[in-house]
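A quick write-up on the structure given underneath.
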Amino acid sequence: MIYEYQCTECGEVFEVWATLAEKEKGLRPQCPKCRCEDTRQIITAVALAGSSKSRRSTDAGPMCGPGCC
């Protein structure tokens, strides 16, 4: 999975590829710009949006889900 992090020192936003198991163990990535280890995970709109697989190609609109039309 891809996780997005931000450095608390320089503000750099970067992506980290990690397995769910690695994330559950307490992933603490280092900033690629300034090498600071004080980073925090950020949640983006992309991470919260539904998967395109949840819609059928024949859906009438964005409010429709599988089987509603």
Side-chain angles (χ1 to χ4, degrees):
M1 297 182 80
I2 301 173
Y3 300 97
E4 197 164 30
Y5 279 79
Q6 183 174 27
C7 177
T8 59
E9 185 69 29
C10 72
E12 178 78 3
V13 174
F14 58 97
E15 294 179 343
V16 175
W17 289 76
T19 65
L20 185 56
E22 289 171 321
K23 179 71 169 100
E24 288 176 346
K25 287 181 182 177
L27 189 61
R28 296 295 299 178
Q30 186 181 64
C31 175
K33 183 176 180 181
C34 72
R35 303 292 182 221
C36 177
E37 293 182 0
D38 190 14
T39 59
R40 63 183 176 97
Q41 184 178 0
I42 58 174
I43 306 298
T44 62
V46 174
L48 298 176
S51 169
S52 62
K53 293 179 182 177
S54 67
R55 293 188 186 157
R56 297 180 323 191
S57 61
T58 58
D59 283 349
M63 297 304 289
C64 288
C68 79
C69 296

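The residues of the chain are indexed from 1 along the displayed sequence.
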Legend entry - Single hit among Pro32, Cys31, Pro29 for side-chain contact (heavy atoms from CB on, under 4.5 Å) with Cys7: Cys31
Inset, instruction - Any side-chain hydrogen bond (donor to acceptor under 3.5 Å, both in side chains) involving residues 31-41? Give me the pairs, sequence neighbours left out, ordered by first then second residue. - result: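 As it turns out, the side-chain hydrogen bond (donor to acceptor under 3.5 Å, both in side chains) pairs with a partner in residues 31-41, which skip direct neighbours, are Gln6-Arg40, Thr8-Asp38, Lys23-Gln41.
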Legend entry - Members sharing Ile2's hydrophobic cluster (side chains within less than 4.5 Å):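 Noted: Ile2 shares its cluster with Trp17.
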Inset, instruction - List, by chain and then residue number, the residues other than Leu20 in its hydrophobic cluster (Ile/Leu/Val/Met/Phe/Trp/Tyr, side-chain heavy atoms under 4.5 Å); write none if there are no others. - result: Met1, Tyr3, Tyr5, Phe14, Val16, Leu27
